[in-house]
Amino acid sequence: MKVDVLLGLQWGDEGKGKVVDYLAPKYNVVARFQGGPNAGHTLEFDGHKHVLHQIPSGIFRENIKNIIGNGVVLDPVVFKKEIEGLAKFEINLKDNLFISKKTQLILPTHKLLDAAYEKSKGKDKIGSTLKGIGPSYQDKIARNGLRVGDILAPGFEERYRNLVSKHESTLGHYEFEYDLAEAEAPFFEAIEFLREFKLVNSEYLINKSIQSSETILAEGAQGSLLDIDFGSYPYVTSSNTMTAGACTGLGVAPQNIGEVYGIFKAYCTRVGGGPFPTELFDEIGVAVQKEGNEFGATTGRARRCGWLDLPALKYAIMINGVTQLFMMKADVLSILDEIKICTAYKLKDGSITEEMPFQLLDEEVEPVYETLPGWKDDITKVRSMDDMPEELSLYIRYIESATGVPITIVSVGPDRTQTILK
Ligand code: GDP
Ligand code: IMO
Ligand code: MG
């Protein structure tokens with residue numbers, strides 16, 4: 001079967017973890033294709049909440065192969081901690097989890113470099129999660145990186161030392177104090193731990209699954225507006241978060257991509273720095289943040305909140321080839337009397353555009369809004385499109401008509417069961 005791709009269309013945290021977990025029973029394979037421990041994917045079921053950073057969100061479902069793809073950057077220390085946190089769930093991790101040998105490793109010095117780079121940027125800092133993502137991808141592209149498969153070969157420690165000495169010489173150019181020795185012992189312990197897992201050529205695993213008619217779901221991290229090429233550069237992450245990233249991040253040919261599920265919140269959030277045209281600085285923004293519990297799953301930072309941005313959503317749909325939309329957190333908007341949607345941008349010269357400008361800097365873009373009525377109703381127990389308040393149906397139809405893509409899932413709460421399927 002073809003590979004279905006599920007990815008975020010905004011600035012991350014759209015609710016990817018919840019939906020992957022919800023859809024996973026329909027699939028034989030769930031595979032992460034990019035990003036690393038900067039991701040925080042939340043799953044809620046049976047009264048428990050789990051946050052996954054490195055492990056694919058299909059892990060709680062039985063008999064599913066979960067793959068960490070070659071496009072991912074893996075921090076062995078975070079990985080070990082996450083696996084240990086799952087110990088009480090009796091999941092057959094040793095059989096169900098596969099890691100590509102081509103996955104890049106995040107070293108302790110990558111995290112130090114991340115912190116040094118951010119500090120040197122002063123007020124222009126990206127707001128990185130400081131998990132070492134950028135420096136690890138930097139080494140990959142510069143052809144210096146160490147990969148998971150390298151830990152199986154002799155001389156790994158020597159190669160590690162060589163790379164670390166390059167990093168230390170770079171760190172010497174920054175005013176930055178650090179203690180590397182402290183981080184190295186857990187790193188090498190975690191490398192030993194990693195050796196116990198199935199380290200594979202995952203491109204073969206996935207393509208054999210395609211050939212044998214297995215169903216495969218590719219799970220994205222971050223969101224399209226954080227994409228290294230098409231996001232609000234330089235306030236982005238360091239990987240291709242888009243559908244094309246699933247091809248390169250897993251070794252899947254473009255003609256083997258099936259459905260593209262684009263996830264978006266019924267409003268917008270962003271954590272970290274960077275432009276956000278529809279950001280709310282008033283009491284509505286605060287109320288949405290509170291109602292949506294908009295605090296980062298990885299860093300705990302408050303997420304900035306704003307109205308749904310259609311030019312940005314349509315852009316993300318275009319670059320990803322989205323075939324179905326999933327709208328998340330509709331329940332959060334139940335507190336509002338009326339809801340605004342940004343339909344276009346007014347530029348500095350007075351012209352109106354529905355396209356994303358080259359530089360999405362706040363001061364150059366003024367959102368043009370349409371106002372829709374709110375539903376002011378508790379929808380957290382609604383399970384069918386037919387039982388929705390009319391105003392919510394109107395909101396959905398408005399977005400479907402503006403984007404030309406059907407909304408096939410509406411999420412009305414964080415729990416697995418709080419999901420409406422069309
Ligand atoms: P991800 O990174 O895309 O997986 O999203 P996160 O897990 O970082 O953030 C989404 C947050 O919203 C999590 O706390 C989820 O439990 C929660 N969530 C997901 N869907 C819904 C929903 O429909 N309604 C509400 N209220 N919360 C949701
Ligand atoms: P999930 O998968 C939201 C943001 C950071 C920062 C920028 C660069 O949970 O949706 P990085 O650590 O990659 O150098 O940070 O990207 N960011 C995310 N924001 N959700 C994420 O992942 C994110 N991963 C990175 O806040 O602005
Ligand atoms: Mg998240």
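As the structure is a prediction and not an experimental result, all values here were calculated from the model. Both ligands and their constituent atoms are indexed starting at 1 by order of listing.
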For this session: May I ask which of Thr129, Thr298, Val236, Val51 has a heavy atom nearer to atom 8 (C) of ligand 2 than the others do?
Result: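 Nearest option to atom 8 (C) of ligand 2, by heavy atoms: Val236.
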
For this session: Compute the ring centroids of Phe79 and His53, then answer whether they are less than 6.0 Å apart.
Result: no

For [atom], what's the nearest protein heavy atom and its distance?
atom                    : value
atom 20 (N) of ligand 2 : Asp13 OD1, 3.0 Å
atom 26 (N) of ligand 1 : Asp331 OD2, 2.8 Å
atom 22 (O) of ligand 2 : Gln222 NE2, 3.4 Å
atom 13 (O) of ligand 2 : Thr237 OG1, 2.6 Å
atom 11 (P) of ligand 2 : Ser128 OG, 3.6 Å
atom 10 (C) of ligand 1 : Asp13 O, 3.6 Å
atom 6 (C) of ligand 2  : Gly127 O, 3.2 Å
atom 15 (C) of ligand 1 : Thr42 CB, 3.9 Å
atom 17 (C) of ligand 1 : Lys329 NZ, 3.9 Å
atom 16 (O) of ligand 2 : Leu226 CD2, 3.7 Å
atom 4 (O) of ligand 1  : Gly17 N, 2.8 Å
atom 27 (O) of ligand 2 : Val271 O, 3.2 Å

By number and element, which atoms of ligand 1 are closer than 4.0 Å to a non-hydrogen atom of [X]?
X      : value
Ser411 : 20 (N), 21 (C), 22 (C), 23 (O)
Glu44  : 16 (O)
Met328 : 20 (N)
Lys18  : 20 (N)

Exercise. Within 45° of the ring axis of Phe45 and under 6.0 Å from its six-membered ring centre, is that where the NZ or CZ of Arg416 lies?
Worked result: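 Here Arg416 passes the 6.0 Å and 45° test against Phe45.
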
Exercise. Do Lys94 and Phe197 meet the cation-pi criteria used here (NZ or CZ under 6.0 Å from the six-membered ring centre, within 45° of the axis)?
Worked result: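 Yes; both conditions hold, so Lys94 lies above the ring face of Phe197.
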
For this session: Decide whether the shortest distance between a heavy atom of Gly413 and an atom of ligand 1 is less than 4.0 Å.
Result: yes

For this session: Work out whether the distance between some heavy atom of Arg303 and some atom of ligand 1 is less than 4.0 Å.
Result: yes

Exercise. What are the protein N/O/S atoms, named by residue and atom, that sit under 2.8 Å from the Mg ion (ligand 3)?
Worked result: Asp13 OD1, Gly40 O

Less than 4.0 angstrom from a charged side-chain N to a carboxylate O is my criterion; do [X] and [Y] meet it?
X      : Y      : answer
Glu203 : Lys102 : yes
Lys2   : Glu259 : no
Arg301 : Glu294 : no
Glu400 : Lys422 : yes
Lys131 : Asp114 : no
Asp387 : Lys381 : no

Under 3.5 Å, N or O to N or O, is [X] touching ligand 1 that way?
X     : answer
Lys49 : no
Gly40 : yes
Gly15 : yes

For ligand 1, note which part of [X] has a heavy atom under 4.0 Å away: side chain, backbone, both or neither.
X      : value
Val412 : backbone
Gln10  : neither
Gln418 : neither

Which bit of [X] is near ligand 2, meaning a heavy atom under 4.0 Å away: side chain, backbone, both or neither?
X      : answer
Lys131 : neither
Arg301 : side chain
Tyr235 : neither

Exercise. Side-chain donor-acceptor pair under 3.5 Å between Asn240 and Asp227, yes or no?
Worked result: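 Yes.
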
Exercise. Have Glu219 and His41 got a donor and an acceptor in their side chains that come within less than 3.5 Å?
Worked result: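 Result is yes, a qualifying pair exists.
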
Problem set entry | Closest approach of Ala115 to Phe176 (non-hydrogen atoms, all atoms of both residues) | CB-CZ, 3.6 Å

Problem set entry | Derivation of the side chain to side chain donor-acceptor pair (under 3.5 Å) call for Ser232 and Arg270 | CA-CA 11 Å; Ser232 44; Arg270 175 162 206 171; 3.0 Å; yes

Exercise. Strictly under 4.0 Å, does any heavy atom of Gly40 approach an atom of ligand 2?
Worked result: yes

